[in-house]
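For reference, the structure is listed below as C-alpha cells.
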Protein chains: 2
Amino acid sequence: MKKEEALLKDHISKHNLKVTKERSAILRAFLDSERHITAEELYRNMREDGSSIGLATIYRTLNLFCESGLAEQRQFGDGQARYELTYNVKHHDHLICEECHRIIEFENQEIEALQEKVAQKNGFKIFSHKLELYGICASCSAKKTAS
Amino acid sequence: MKKEEALLKDHISKHNLKVTKERSAILRAFLDSERHITAEELYRNMREDGSSIGLATIYRTLNLFCESGLAEQRQFGDGQARYELTYNVKHHDHLICEECHRIIEFENQEIEALQEKVAQKNGFKIFSHKLELYGICASCSAKKTAS
DNA sequence: ATAATTTTGCGATTCATTATCATAATCGAT
DNA sequence: ATCGATTATGATAATGAATCGCAAAATTAT
C-alpha cells in the first residue's frame with residue numbers, strides 16, 4: 001500500500017468514515033494526474049477512462065484529501081480551485097506564466113525566513129502562506145518579440 | 001479636484017466613456033471606505049446612505065477603477081473579490097488573521113528583491129505578485145490561550 | 001437642443017461549488 | 001456471512017458571486 005493510501009485510510013478510520021471504491025479510485029486518479037488539477041479536469045479524466053463517479057463525489061473527495069493532509073487547494077485567480085498533492089512533497093511556491101499558463105514550482109528558503117521575520121515583527125504566528133509570481137516565461141517572451 | 005478623481009476622468013476621456021453621477025458617487029464612497037472592501041459591502045454602505053445605485057453598477061465601476069489604475073482586485077480566499085486603492089499608495093503585501101480577519105499591510109524590499117532573483121533564474125519576467133501570510137494575530141492568540 | 005453613444009437598473013444568466021435526498025455501500029457486532 | 005446502523009453516492013436542485021441583455025435614462029459633441 002502506498003503511503004498516500006495509508007494516510008487517507010488513517011484519516012478515514014480516525015473520523016468514522018468509510019473506505020469506498022470511489023475514494024480509492026479517485027485517489028489513484030489524483031496521484032496519476034498532473035499537478036494543480038481542477039475538480040472538473042479530474043472528473044473528465046476519470047469519465048474518459050470509463051468511470052461513472054459523479055462530479056459531486058469528486059469535489060467531496062478532494063475536500064477529504066485536503067482534510068486528511070494529503071492535498072491542498074489553491075486559487076490561481078482563474079475562478080476554479082486547483083488541487084495539489086502536498087503530502088511528502090517539499091514546500092514550494094509558484095511562478096505562473098500568464099501567457100501559456102505554465103506553472104513552475106520553486107522554493108526559496110531565504111524568502112521563507114524573511115516572511116517569518118515579518119510575521120514576528122507584527123506579532124503574528126503564520127499557519128500558511130501564498131506566494132505567487134505572475135509574469136511571462138522565457139519561451140512566451142521569445143514568441144512575442146518574434147512576432 | 002482630488003488626484004484620484006483626475007486620474008479616473010483622464011481614463012474616462014481617453015476611452016470615450018462618460019462621467020456620471022453614479023461613477024462620481026461610487027468613487028467618493030470607495031475613497032471613504034475601509035481598505036479591502038467587497039462590492040457587496042460598498043453597495044450596502046451606499047444604500048444605507050440613501051443611494052439607489054444598483055449592485056451591477058458597483059461591480060462595473062469597481063472594474064473600471066481597476067482598468068484605470070486606481071485600484072486593484074484581490075482574492076483572499078473567502079470567495080469574494082476585494083478592492084483596494086493602489087493609486088499613489090506604496091506597494092505592499094498582506095498579513096491576514098484567520099481568526100478576526102484583520103488584514104495588516106507590510107512591505108519588505110528584501111523579499112521583493114529575492115522574488116526578482118527567483119524569476120530571473122527561471123527566465124521569467126514578473127508583472128505582478130501575490131504574497132499573503134495567513135495566521136493568527138497577537139490579540140487573537142492571547143484570547144485563545146486565555147480560554 | 002439634437003443625435004449619437006454610453007450608462008444604468010433590473011432581472012435573468014452563468015459558473016463553480018455545495019446541499020438535499022433517496023438509494024446503495026460499508027463496517028462492526030453478532 | 002448476515003444484520004443494523006451509519007456513511008457514501010449520484011442526480012439534481014440550490015447557492016452565491018459576478019456578468020449579461022435590454023429598455024429606458026443620462027451624457028457629450030455638435
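These numbers were taken from a predicted model, which means no experiment stands behind them. All chains are named by letter (A, B, ...) in the order of the sequence lines, taking the proteins before the strands, and each is independently numbered beginning at 1.
At a threshold of 4.0 angstrom between heavy atoms, the contacts of Thr38(B) with the nucleic acid are absent. At a threshold of 4.0 angstrom between heavy atoms, the contacts of Asp78(B) with the nucleic acid are absent. Counting any heavy atom pair closer than 4.0 Å across all strands shown, Ala39(B) reaches no nucleic acid atom. Residue Leu55(B) is classed as having no contact, given no heavy-atom separation below 4.0 Å to the nucleic acid.
Here the options are Thr20(B), Ile26(B), Val19(B), Leu27(B), the test is side chain to side chain contact (heavy atoms under 4.5 Å, CB included), and the partner is Arg23(B); only Thr20(B) passes.
In this structure, the nucleotide among dC27(C), dT17(C), dA26(D) sitting nearest to the side chain of Val19(A) is dC27(C). In this structure, of dA8(D), dC20(D), dT6(C), it is dC20(D) that holds the atom nearest to the side chain of Ala56(B). Residue Lys21(B) places its side chain closer to dA26(D) than to any other of dA26(D), dA25(C), dG10(D).
Contact between the side-chain N/O atoms of Lys18(A) and the OP1/OP2 oxygens of dG28(C) is not found at any separation under 4.0 Å. In terms of phosphate contacts, Asn63(B) brings a side-chain nitrogen or oxygen within less than 4.0 Å of OP1 or OP2 of dT19(D). Taking 4.0 angstrom as the limit, Thr57(B) places none of its side-chain polar atoms (N or O) nearer than this to OP1 or OP2 of dT7(C). At least one side-chain nitrogen or oxygen of Tyr59(A) sits closer than 4.0 Å to the OP1 or OP2 atom of dT17(C). Side-chain N/O atoms of Arg60(B) include none lying less than 4.0 angstrom from OP1 or OP2 on dG9(C).
Residue whose closest nucleotide on DNA chain D sits further toward the 5' end, between Gln80(B) and Thr20(B): Gln80(B).
Note that the CG atom of Leu31(A) and the CG atom of Leu70(A) stand 7.0 Å from one another [nearest 0.5 Å]. Taken from SG in Cys66(A) to CG in Leu64(A), the straight-line distance is 9.0 Å, to the nearest 0.5 Å.
Salt-bridge check for Arg44(A) with Glu40(A): passed, with a basic side-chain N closer than 4.0 Å to an acidic carboxylate O. Ionic pairing of Glu105(A) and Arg35(A) is present here: one or more N-O contacts between side-chain nitrogen and carboxylate oxygen are shorter than 4.0 angstrom.
Remark: C1' of dA8(D) and CG of Leu64(A) are 11 Å apart, rounded to the nearest angstrom. Remark: P of dT6(C) and CD of Glu67(B) are 15 Å apart, rounded to the nearest angstrom. Atom OH in Tyr43(B) sits roughly 14 Å away from atom P in dT8(C) (whole-Å rounding). Between the OH atom of Tyr83(B) and the P atom of dA18(D) there is a distance of 6 Å, given to the nearest Å. One can place CZ of Arg23(A) at 11 Å from P of dT26(C), the figure rounded to the nearest angstrom. Computed from coordinates, the Gln73(B) CD to dA17(D) P distance equals 14 Å when rounded to whole Å. Rounded to whole angstrom, the span from the CD1 atom of Ile58(A) across to the C1' atom of dT9(D) amounts to 12 Å. Rounded to an integer number of Å, the gap from Ile12(A) CD1 to dT9(D) P is 9 Å.
Under the 6.0 Å cut-off for aromatic ring centres, Phe65(B) and Phe30(B) qualify, their centroids lying closer than that.
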